[in-house]
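A short worksheet on the structure shown next.
All residue numbers in this chain count up from 1 along the given sequence. Hydrogens, waters and symmetry mates are skipped; everything else that's a heavy atom, side chains included, is used. All figures in this text were calculated on a predicted structure; none of them were measured in a lab.
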Amino acid sequence: LEGALNTNPVEDPLSRIISGERLDEVLAQCEITLSEVEKTVIFLRASGMSYAEIGAKLHIDPKSVDNAVQRGRKKLKKALTV
């Protein structure tokens, strides 16, 4: 998800539309490509939670959180570059 969200408040409307379309594509690929655990972990991580916080919330080891993030990123990168 890194890079999918453009937080620059001073951009032209066309760039905002294109960014929004890219975000829609990323979110759609999340639904199609990722397991439920991978989706949950990636969205919690994107919201600013640490691996330890996510692990505590989901009752899993922080290393399992890291593994899920890495798997999810790899799957999304592959799906979005095809």
Is there a path of hydrophobic side-chain contacts, each under 4.5 Å between heavy atoms of I, L, V, M, F, W or Y residues, that connects F43 with Y51? no

For residues L58 and V65: do they belong to one hydrophobic cluster (side chain heavy atoms under 4.5 Å, members Ile, Leu, Val, Met, Phe, Trp, Tyr)? yes

Can you measure from CG (L76) to OG1 (T81) and round to the nearest 0.5 angstrom? 10.5 Å

Considering the options R73, K74, R71, which one meets the side chain to side chain donor-acceptor pair (under 3.5 Å) requirement together with E38? R71

Side-chain heavy atoms nearer than 4.5 Å, only ILVMFWY residues, links allowed to pass through others: does that put V37 and M49 together? yes

To the nearest 0.5 Å, what is the distance between OG (S35) and CD1 (I42)? 8.5 Å

Are K75 and Q29 close enough, and set up right, to give a side chain to side chain contact (heavy atoms under 4.5 Å, CB included), and what steps lead you there? CA-CA 9 Å; K75 287 179 182 180; Q29 281 301 323; over 6 Å; no

For a 4.5 angstrom cut-off between non-hydrogen side-chain atoms, does Q70 reach D66? yes

I need the minimum non-hydrogen distance between A52 and P62, along with the two atoms involved. CA-CG, 4.1 Å

Heavy-atom pair with the smallest gap, counting every atom of K57 and L44: CD-CD1, 4.0 Å

Please report the shortest heavy-atom distance between L34 and K39, naming the atom on each side. CB-CG, 3.7 Å

